[in-house]
Amino acid sequence: MDVVKSVYDIFSERGFIEQVTDEELVKDLLARESVTCYIGFDPTATSLHIGSLVPIMALSHMQRAGHKPIALVGGGTALIGDPSGKTAMRQILTRDEIDRNAESLRMQLSRYIDFEDNKALLLNNADWLAGLNYIEFLRDVGRHFSVNRMLAAESYRIRMETGLNFIEFNYMLLQSYDFSYLCKHHDCAIQMGGNDQWGNIVAGVDLTRRLEGKRVYGITFPLLVTSQGHKMGKTEKGTVWLDPDLTTPYEYFQYWINTEDDDVERFLALFTYLPVEEIGAVTKLADSEINMAKAVLAFETTKITHGEDEAIGAWKASVGAFNLRPVSSNLFPSSSIPRHEILQDVSAITTYEKTMKEVETVSIATLLHEVELCASRGEARRLITQGGAYINGRQITSIDYKIGVDDLDENREISLRKGKKKYTRIKVV
RNA sequence: GGAGGGGUUCCCGAGUGGUUAAAGGGAGCAGACUGUAAAUCUGCCGGCGGAGCCUACGGAGGUUCAAAUCCUCCCCCCUCCA
């Protein structure tokens with residue numbers, strides 16, 4: 001088979017697809033011509049996080065296959081917010097905030113998608129939603145929606161039990177309108193999104209047919225949870241962001257290398273560009289050998305999000321801190337992960353600069369708190385009591401421990417560790 | 001608008017005057033075991049220099065020696081009726 005793979009094949013072999021509105025037609029369309037497709041993103045935060053990575057990678061694959069992705073910022077819906085105040089899920093944002101978030105969104109997405117020369121678009125639905133006239137909207141759009149059918153949608157059925165306000169109920173109409181608008185003005189033919197968007201996407205397909213007389217399609221991705229059933233991208237320190245100022249590349253790397261065994265293969269397919277043939281080798285890895293695959297996963301994902309230099313830095317720090325074994329040369333030949341032994345270089349680990357006085361005069365618990373290893377001094381004290389605090393690899397046995405010059409290494413640095421995995425360094429200046 | 005039910009610590013959820021920083025579960029953290037995995041077991045799990053103090057049970061007042069628990073007003077959610 002030397003037929004070029006279509007992006008649909010790529011999606012399907014990499015596990016991107018949960019549901020498709022019309023598999024045969026979508027397959028055919030994507031194999032035949034360059035298609036414009038879109039995914040919506042919430043502009044409620046200044047940074048995207050790991051939870052958005054599947055949609056982002058999907059858009060990226062689309063573009064690589066010669067299609068045209070549109071990243072749609074949901075500025076219009078953010079303008080409405082959720083007035084009940086009970087759920088914090090939709091914050092009301094001002095136009096300024098939305099525009100600012102949209103801009104940082106563009107910068108982040110630029111790592112994965114090329115927006116040059118209109119090869120991809122970043123649009124904001126506030127541009128067409130904000131000026132909508134209610135009467136006209138009801139007449140032109142609202143009349144196409146059957147409340148009975150809406151209530152049958154999975155997403156609403158669930159909310160019927162806990163309560164659903166009118167604004168939320170309207171998101172389906174607005175999102176459907178987005179789709180038909182993008183179809184009309186940008187010739188957009190496919191909407192993609194998490195499987196929770198299925199109802200909204202299908203509604204948009206229907207509306208577009210009625211409004212524009214055009215046939216459009218929808219694809220949903222599986223909602224990712226780890227094999228433990230945990231939500232993706234949450235750690236002790238909170239969300240794993242894509243912004244290096246919020247989550248350092250080292251922490252990002254660490255998040256991925258800590259992936260559970262059962263998720264490694266799936267994640268390699270979803271979050272890296274490595275060929276599926278190479279990824280399949282994961283299943284043959286015995287016992288701890290799978291850690292090599294995790295290293296590759298961590299390296300490749302970090303490289304995609306933060307660049308190769310940062311990925312190498314994070315990898316080196318990881319090697320230094322955890323005695324990571326080099327990845328065998330026969331594994332993942334497409335990966336650019338370094339495979340040689342290296343000198344210890346932990347500079348990618350977060351380092352705090354402090355004066356000798358600042359270090360000597362405070363209690364060790366305070367210090368652990370100050371370098372954000374512990375959320376409070378109380379937690380730090382507990383940690384020490386339970387034997388989970390280490391200084392330069394030595395367990396701290398007393399909460400009265402005081403740091404002195406003897407704790408400095410030749411670079412005037414101190415290594416602090418919480419448990420087995422959380423490292424921080426202090427540079428005494 | 002009327003009637004009833006409800007808002008508890010990160011989440012779910014007990015608790016109807018003091019013994020409640022508040023049962024239980026989940027999540028999380030640490031220790032042991034390991035492979036920076038999972039499972040399991042053990043401990044911890046509001047803040048503050050430990051006995052003490054502060055903050056906390058939707059919001060604001062009030063009763064009381066003492067309130068998450070009683071009273072008043074307000075906000076929000078749910079159910080039924082309109």
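Throughout, a chain's letter reflects where its sequence line sits, starting with A, and its residues are numbered from 1.
Side-chain atoms of A:K420 lie closest to B:G31 of the nucleotides B:G31, B:A30, B:U36. Of the candidate nucleotides B:U34, B:G35, B:C29, B:G35 has the atom nearest to the side chain of A:D261.
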One character per nucleotide, please: for nucleotides 41-46 of chain B, 5' to 3', B when the base has a protein heavy atom closer than 4.0 Å, S when only the sugar-phosphate does, - otherwise.
--BSS-
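Within residues 288-296 of chain A, the residues that have a heavy atom under 4.0 Å from RNA chain B are, in order of number, A:S288, A:I290, A:N291, A:K294.
Between A:R325 atom CZ and B:U34 atom C1' there is a gap of 14 Å when expressed in whole angstrom units. For the pair A:H369 NE2 and B:C48 P, the interatomic distance rounds to 7 Å; values are reported in whole Å. Atom-to-atom, CG of A:L324 to P of B:G35 comes out at 14 Å; the value is rounded to the nearest Å. Atom-to-atom, CD of A:E379 to C1' of B:G28 comes out at 9 Å; the value is rounded to the nearest Å. Rounded to whole angstrom, the span from the CH2 atom of A:W256 across to the C1' atom of B:U36 amounts to 16 Å. When rounded to the nearest whole Å, the span between CZ of A:R417 and P of B:U36 equals 11 Å. In this structure, the CD1 atom of A:I257 is 13 Å from the P atom of B:A38, given to the nearest Å. To the nearest angstrom, C1' of B:U36 lies 16 Å from CZ of A:F267.
No contact: A:T366 has no heavy atom under 4.0 Å from any strand. Across all strands, A:Y390 comes closer than 4.0 Å only to sugar-phosphate atoms, never to a base (heavy-atom distances).
For B:U79, the paired base is B:A3 (Watson-Crick or G-U wobble, both distances below 3.5 Å). Checking B:G18 for Watson-Crick or G-U wobble geometry (two distances, each under 3.5 Å) identifies B:C65 as its partner. Across every strand in view, B:A56 sits unpaired, with no contact that passes the Watson-Crick or G-U test at under 3.5 angstrom. Nucleotide B:C41 is matched to B:G31 when pairs are restricted to Watson-Crick or G-U wobble geometry with both distances under 3.5 angstrom.
With the nearest nucleotide of RNA chain B identified for both A:G419 and A:N258, A:G419 has the one nearer the 5' end. Each of A:Q395 and A:F322 was assigned the nucleotide of RNA chain B with the nearest heavy atom; the assignment lying further toward the 5' end belongs to A:Q395.
Contact check on A:K5 versus A:E277 returns a salt bridge, with a Lys/Arg side-chain nitrogen under 4.0 Å from an Asp/Glu carboxylate oxygen. The existence of a salt bridge linking A:D99 and A:R95 is confirmed by a sub-4.0 Å separation between a basic side-chain nitrogen and an acidic carboxylate oxygen. Using a 4.0 Å cut-off between charged side-chain N and carboxylate O, A:R394 and A:D407 make a salt bridge. For A:K418 and A:E379, the salt-bridge test passes: some basic side-chain N is under 4.0 Å from an acidic carboxylate O. Classification of A:K427 and A:E353 as a salt-bridged pair fails, no side-chain N sitting under 4.0 Å from a carboxylate O.
Around the CE atom of A:M356, the shell of radius 6.0 Å holds more than 12 heavy atoms that belong to other residues, nucleotides or ligands. For A:K316, the NZ atom is loosely surrounded, since the number of other residues' heavy atoms within 6.0 Å does not exceed 12.
Going from the C1' atom of B:A27 to that of B:C76 covers 27 Å, rounded to whole Å. Here, B:U8 and B:G59 have their C1' atoms 15 Å apart, quoted to the whole Å. Nucleotides B:U63 and B:G15 place their P atoms 29 Å apart, quoted to the nearest Å.
Looking at residues two or more places apart in sequence or on another chain, you find a salt bridge (charged side-chain N to carboxylate O under 4.0 Å, His left out) between A:D206 and A:R149, A:R209.
Side-chain N/O atoms of A:S47 and A:D243 include no donor and acceptor closer than 3.5 Å.
In terms of phosphate contacts, A:Y255 brings no side-chain nitrogen or oxygen within less than 4.0 Å of OP1 or OP2 of B:A37. Put simply, A:K421 has a side-chain N or O that comes within less than 4.0 Å of OP1 or OP2 on B:A37.
A cation-pi contact, defined as under 6.0 Å to the ring centre and within 45° of the axis, links A:R64 to A:Y273.
Taking the six-membered ring wherever Trp is involved, the centroid distance between the rings of A:Y181 and A:W128 falls below 6.0 Å.
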